[in-house]
Amino acid sequence: MSETTEVELREKPSNFIKEIVEADLESGKTNGKVHTRFPPEPNGYLHIGHAKAICIDFGIAQDYQGQCNLRFDDTNPIQEDVEYVDSIQEDIKWLGFDWQDRLFYASDYFEKLYAFAVELIKMDKAYVDDLNQDEIREYRGTLTEPGKNSPYRDRSVEENLDLFDRMRKGEFADGEKTLRSKIDMGSPNMNMRDPIIYRIKRAHHHRTGDTWCIYPMYDFTHCLSDMLEGITHSLCSLEFEDHRPLYDWYLDTLKTPCHPQQIEFARLNVTYTLTSKRKLQKLVAEKLVNGWDDPRMPTLCGLRRRGFTPDSIKEFCDRVGVAKADSTADIALLFHCLREELNADAKRVMVVLDPVKVVLTNYPEDQVEWFDADNNPENAEAGTRKVPFSRELYIEREDFMEDAPKKYFRLSPGKEVRLKHGYYITCTDVVKDSDGNITEIHCTYDPDSRGGWTKDERKVKGTLHWVSVKHAIPAEVRLYDHLFTVENPAKSESTLEELINPESVIVLKNAFAEPALLEAKPEEHFQFLRNGYFVADRYEFSKETLVFNRTVGLRDSWAKIADKL
RNA sequence: UGGGCCGUCGUCAAGCGGUAAGACACAAGGUUUUGAUCCUUGCAUUCGUAGGUUCGAAUCCUGCCGGCCCAACCA
């Protein structure tokens, strides 16, 4: 018992948010309840950065037997769309989190929010302002100079009530008036300089249609929505720290029955990737990638199509931790989490990406042998499959070298290697075309090495994967790499186009797979022996056309040695 | 230059006054029918910096330096 507890503690380390939550639980502040929320604005696709927020919001609730709501923060109809509310839900579900029946929209509260605004006016804590956008900016002051009061700040409660009512009725043009909080134009915190509560905006809303022409602002909406839902801990990213006094001001001023606590943590950045919504949008709009779910995109749907698993992403977020220091996690950690899972789970299979033909000159012309191959050496329960062997085979072009350095222990003239699950073969001859390109490699096989070993236990260092020519299934394989050439594309001066890694995707159309792959299903993960982890493409894979995406390569210590040669 | 926040190994990150966890990365060995996996070992006399308090400081205090965020009718 105590052992498992220790293991669990080690796997899920604590963090400052949990410490606060635990203290609140102990003091009884929240009546023993933990209730969080994930509040995306439906104006873009979820990405790896959101995954961290999702893991924290849903994870904290889970850890303390609480609940987490999904709430769309849809107060700005101009940039929001149902396309996004659908994709966001799909992505969160895919990650494995469940909001049960608690799917909410800030727009559900528009009527209540309006009533709260009226309340504020009655308390003389809000007023209708006639200043236009430029004037508001001028009156706001700067970072170092205080702002000054609007000439409309002292309107009577009655006049404000009337004006606000008429704002709602549509008597004024867009931008003509705003409802503002009456706080302090001299505050060193810009957010407290009479922040706007409502603006007039005639835009079609994805849920409320055209019933409203005024829409509430984030700060006003968010704290009250949290309050309405009985949220205990409102977790968000660092840039909202300055907004906390305002979050608290609305709730305090309106004397709401409960007062959620906003806690801020550092958002996640990852090397070689971008998480700016604007820039991701640009990549898609300018067709620098093939859509939001391009396997090179850091979007959840992109990572999914690339072959990442939900668990590997969640593990990554757990391992990155939760803190307040700005940070950029190494993408190598994400890949590590993925390999760790796939090494244990993925079925091994042989696929030759860049084929060259091998002819076994002493192997009977029409003979075919079916060898048993284990599906996963890490897991005997994964069973075995049959792999056909014959006189002509494909091997990887890079597994043969005419003038091989000493440390190269793959195939070269006169050298013996093992064909995985097959036989030992020795290279006897090389056939080339008129341009000097290798077209065939002639070898002899040792009949006593059937299955890939011999009684004399002679050392054969190299082991190659292969596919029988007459049984080979053509396949398309897409190799993916970092989308950007630089570690921190967000900080670069170059344009996105200049930063794109020209080798971020390489399409191989001449790959050959062993016949077992005919049974693969879209989104099934494999380890192509000695090559890496691949996934059958979610959309384009079929029995007729095999399409695989490389999720991540295997660690390659030979590449490091070769680099030094 | 006003306000808020942050500075512990290349990257994340524990640490909460008692003498620097862990992970990834990296390096060196060993096992291996995947140059994979796995295993072993190494990797911060030092915590942005300078003082101070203390028997004792990464942890407390003060100054300085560096970074991030805020002047949308965005969230």
Side-chain angles (χ1 to χ4, degrees), chain A residues 10 13-15 19 39-41 43 73-76 78-80 129 131-133 136-137 140-147 174-180 187-193 195-201 214-215 217-219 221-222 236-245 264 266 268 271 277 316 319-337 339-340 343-344 348 350 373-374 377-378 407-410 418-422 424 449 451-453 460-465 487 527-532 553-562:
Chain A
R10 211 179 306 133
S14 190
N15 59 56
E19 283 176 15
E41 184 188 14
N43 70 342
D73 226 322
D74 54 352
T75 57
N76 185 4
I78 287 179
Q79 34 188 343
E80 294 154 9
D129 197 354
L131 256 29
N132 66 34
Q133 198 157 348
I136 286 181
R137 190 185 318 115
R140 189 156 30 224
T142 68
L143 292 177
T144 51
E145 303 157 36
D174 283 13
E176 191 179 332
K177 289 184 184 346
T178 55
L179 181 71
R180 292 236 255 165
S187 172
N189 182 344
M190 302 295 289
N191 296 119
M192 300 300 269
R193 319 245 262 226
I196 289 168
I197 303 176
Y198 270 92
R199 73 283 212 188
I200 303 172
K201 195 176 269 207
I214 57 172
Y215 290 95
M217 299 287 287
Y218 165 83
D219 289 296
T221 306
H222 204 89
C236 62
S237 46
L238 250 29
E239 66 263 36
F240 292 100
E241 277 181 310
D242 286 345
H243 294 243
R244 195 171 61 230
E264 313 84 9
L268 172 66
T271 55
K277 259 184 199 174
F316 171 66
R319 293 224 215 171
V320 160
V322 181
K324 295 194 69 164
D326 297 308
S327 62
T328 303
D330 192 335
I331 197 167
L333 180 59
L334 212 208
F335 286 125
H336 170 82
C337 294
R339 287 193 188 107
E340 189 173 58
N343 176 53
R348 270 63 168 174
M350 293 198 286
D374 49 343
E378 304 290 321
K407 286 180 177 172
Y408 185 87
F409 43 80
R410 278 117 97 145
R418 169 169 41 236
L419 293 179
K420 179 83 177 175
H421 307 303
Y424 291 177
S449 62
W453 62 280
V460 175
K461 188 79 170 153
T463 300
L464 312 185
H465 60 281
E487 209 173 292
Q527 185 198 97
F528 288 2
L529 224 58
R530 302 206 308 134
N531 266 322
L554 257 22
R555 288 188 70 214
D556 189 356
S557 57
W558 163 245
K560 288 177 189 173
I561 296 168

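Nothing here was measured: the structure is a model prediction, and the numbers come from that model. Every chain is numbered from 1 and lettered A, B, ... according to where its sequence line falls, protein lines coming before strand lines.
- With hydrogens and angles left out, the side chain of Glu19(A) and the base of C16(B) share a donor-acceptor pair within 3.5 Å.
- For U34(B), neither phosphate oxygen OP1 nor OP2 lies less than 4.0 angstrom from any side-chain nitrogen or oxygen of His465(A).
- Here the side chain of Arg555(A) is nearest to one of U37(B), C68(B), A71(B), namely U37(B).
- Judged by centroid separation below 5.5 Å and plane tilt below 30°, Tyr218(A) does not stack onto the base of A75(B).
- Between the C1' atom of C12(B) and the CG atom of Leu334(A) lies a distance of 13 Å, rounded to the nearest Å.
- Proximity note for Tyr408(A) (side chain, C-beta onward) versus A71(B), G35(B), C6(B): the nearest is G35(B).
- Taking every side-chain heavy atom of Phe240(A) into account, A75(B) is the closest of U32(B), A75(B), A25(B).
- Remark: A14(B) base-pairs with no nucleotide; criterion is Watson-Crick or G-U wobble with both hydrogen-bond distances under 3.5 Å.
- The phosphate of A36(B) has OP1 or OP2 within less than 4.0 Å of a side-chain N or O from Ser557(A).
- Which of A25(B), A71(B), A13(B) sits closest to the side chain of Arg140(A) comes down to A71(B).
- In this structure, CZ in Arg410(A) is found 12.5 Å from NZ in Lys461(A), a value given to the nearest 0.5 Å.
- Base orientation for A36(B): anti, the chi torsion being more than 90° from 0.
- Arg180(A) CZ to Leu131(A) CG: the interatomic distance, rounded to the nearest 0.5 Å, is 6.5 Å.
- One P atom belongs to C47(B), the other to A28(B), and the distance between them is 30 Å to the nearest Å.
- Cation-pi contact between Lys201(A) and Tyr215(A): absent, since separation from the ring centre below 6.0 Å together with deviation from the ring axis within 45° is not met.
- With both ends at atom P, the span from C64(B) to A23(B) equals 40 Å, rounded to whole Å.
- Among the nucleotides G3(B), U11(B), A75(B), the one closest to any side-chain atom of Thr75(A) is A75(B).
- In the set A36(B), G2(B), G35(B), G35(B) carries the atom at the smallest distance from any side-chain atom of Thr463(A).
- Closest contact between the side chain of Asp326(A) and the listed nucleotides A72(B), G35(B), G67(B) involves G67(B).
- In a base pair of the Watson-Crick type (N1 to N3 plus N6-O4 or O6-N4) or a G-U wobble (N1-O2 and O6-N3), with each distance short of 3.5 Å, G7(B) is matched with C65(B).
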